[in-house]
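Here is the structure we will look at, set down as structure tokens.
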Amino acid sequence: MTAGSRSRALHAKARSLMPAGVNSPVRAFGSVGGEPIFYDHASGCRFTDVDGRTYIDWVGSWGPLILGHAHPAVVEAVREAAGRGLSFGAPCREEVRLASMVVETVPHLEMVRFVSSGTEAVMSAVRLARGATGRDTIIKFSGCYHGHADHLLVSAGSGLATFGTPSSAGVPGAFARHTVVLPLDDEAAVERAFAEHGDGIAAVIIEGIPANAGLLVQRREFMERLRSLCTEHGALFILDEVITGFRVGPGGAAALYGVEPDLATYGKIIGGGMPVGMYGGRREIMEQLAPLGPVYQAGTLSGNPVAMAAGIATLEVLLADGGAAYRRLEALGERLAAGLRGAIEARGRPWSVVREGSILWLSLGGGEPPRRSENIDPASAGVYAVLHRALLERGVYLAPSAYEVAFVSLAHDEAAIDETVGAFEEALGEAGT
Ligand code: KE4
């Protein structure tokens, strides 16, 4: 499917002004082909592009829009806050309100600090872990994405427990030298790394549920082992809940796995669509931060009142009625997964639909869904591209990457799900996949 003429014209102009015409690489449609579609307006679970075509949106701005687009309560909260000032660069009551909501909901967050993106939250949490422990080495996992801070744009080194190598140009080798990259789902590899670097390890960081290279659901035992190894060696356990925070439940992946991180990072949902990141954890760690302690971190728009208002309004809906929102998301997620599975089985395809709550991923290889990014069949990206285009033609918008997940929102309803499943059945047939 080709993008409409207005999208194409805008993209031509955008390409002359911004690299590939986008402000974040995945938006460029590079891995699915075709040109990006320019959104014009959105409401609920649908958006309309600049050519007047409407789509069911399963990307939801990559996770923040768990209530759907332009939720009335969020829009009104933003409008009201904006009318009182767009930014103060000074403390405001909205920061206190959102911080209170988060601290009251997530037991291991005794204290938090707001920033303006998930990257900034993770970058700051890693610096804090290094400052609080006086150690330099960070363990991360292959396939996990934690934003674009230099020391996290690192691929696995030659040996399993050796230091990493930069995964992006512009990252000096020296910056990668303190990052060890290990395979997911492998306790022995982590144990070896601790045996080798133990008292030099500042922190282990992992996504609550790795969802940036497919949805790689980890075993509870693996997550528990990460926790125990950190405790044994005096390292901090950082859970990156930028996607999973308030997505898989009020307590995030920490509650799902029953593990308590020392620090956790947030973004997306807590901003309700506005630029917000957050990190938090135990008080004695957080109080190492300036101006109380020696670890520096700052931000002009941190705690922005309008962004805070969007986050507050979002969490108010999510946390109302004793979890009704999450029960609804669970039901909608299962309906979508069951419909897609039915279509796949009817075609005799060896694929699977991986779901955790309102996060879904099409695993287009055969066999058991992978728990490691290395086990994703690279050929599946080509199959996905065909499906993506066929669905786009039918007014269904999936992420423009085989490695990204789909997000169900409270604005999706049975009709949108059934329409999506119908389009998927046709796409399977047409695509001959
Ligand atoms: P941001 O800096 O993009 O707000 O957050 C970085 C980040 C940190 N941690 C996790 C687990 C994340 O998933 C992300 C960002 N997620 C991607 C999509 N999966 C953002 C989309 C994009 O890069 O355009």
Side-chain angles (χ1 to χ4, degrees), residues 18-32 36-37 39 57-66 114-127 138 140-154 167-168 184 203-218 223 238-248 252-254 256 261 263-280 297 299 301-302 304 307 310-311 354 356 358-362 373 376 397-407:
M18 298 166 281
V22 293
N23 285 302
S24 200
V26 69
R27 304 178 189 176
F29 271 44
S31 67
V32 292
I37 289 169
Y39 281 45
D57 188 352
W58 294 106
V59 179
S61 185
W62 308 97
L65 304 180
I66 196 166
F114 291 112
V115 292
S116 298
S117 72
T119 292
E120 201 179 351
V122 172
M123 177 177 73
S124 308
V126 168
R127 181 184 309 130
I138 296 291
K140 78 172 285 287
F141 294 91
S142 174
C144 283
Y145 176 69
H146 301 287
H148 62 87
D150 283 345
H151 50 273
L152 290 163
L153 291 179
V154 176
S167 60
S168 165
L184 285 165
V204 172
I205 184 168
I206 188 168
E207 290 183 52
I209 303 173
N212 281 283
L215 187 59
L216 307 173
V217 182
Q218 299 301 297
M223 298 298 278
I238 303 176
L239 203 56
D240 181 350
E241 299 243 43
V242 167
I243 285 184
T244 51
F246 293 100
R247 167 61 65 176
V248 295
L256 204 64
L263 290 173
T265 55
Y266 283 73
K268 300 183 191 273
I269 288 173
I270 62 160
M274 299 291 283
V276 175
M278 187 198 78
Y279 61 110
Q297 182 267 309
L301 296 175
S302 296
N304 174 273
V354 182
E356 193 56 61
S358 54
I359 312 174
L360 286 88
W361 178 59
L362 281 173
S373 57
I376 297 176
Y397 189 88
L398 290 186
S401 162
Y403 301 99
E404 296 286 351
V405 296
F407 292 104

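When a residue number appears, it is its place in the shown sequence, counting from 1. Atoms within each ligand, like the ligands themselves, are counted from 1 in listed order. Values reported hereafter were calculated over all heavy atoms of this structure, with side chains retained and with hydrogens, waters and symmetry mates removed. Predicted model, so just to flag it, every value in this text is computed and none were measured.
Under the rule for a side-chain hydrogen bond (donor to acceptor under 3.5 Å, both in side chains), E404 has no partner lying at least two apart in sequence or in another chain. Annotation: ring pair (Phe, Tyr, Trp, His ring centres under 6.0 Å) contacts of W58 (sequence neighbours excluded): H412. Residues satisfying the side-chain hydrogen bond (donor to acceptor under 3.5 Å, both in side chains) test with D57, not counting sequence neighbours, are Y39, H69.
For the side chain to side chain contact (heavy atoms under 4.5 Å, CB included) criterion with C144, the lone passing option out of L216, L184, I205 is L184.
When atom types are taken as modelled, the side chain of T265 and the backbone of Y279 share no donor-acceptor pair closer than 3.5 angstrom.
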Residue pair I243, N212: steps toward the side chain to side chain contact (heavy atoms under 4.5 Å, CB included) verdict: CA-CA 9 Å; I243 285 184; N212 281 283; 3.9 Å; yes
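Annotation: ligand 1 has protein neighbours S24, V26, W62, S117, G118, T119, Y145, H146, G147, E207, N212, D240, V242, I243, K268, E404, each with a heavy atom less than 4.0 angstrom from the ligand.
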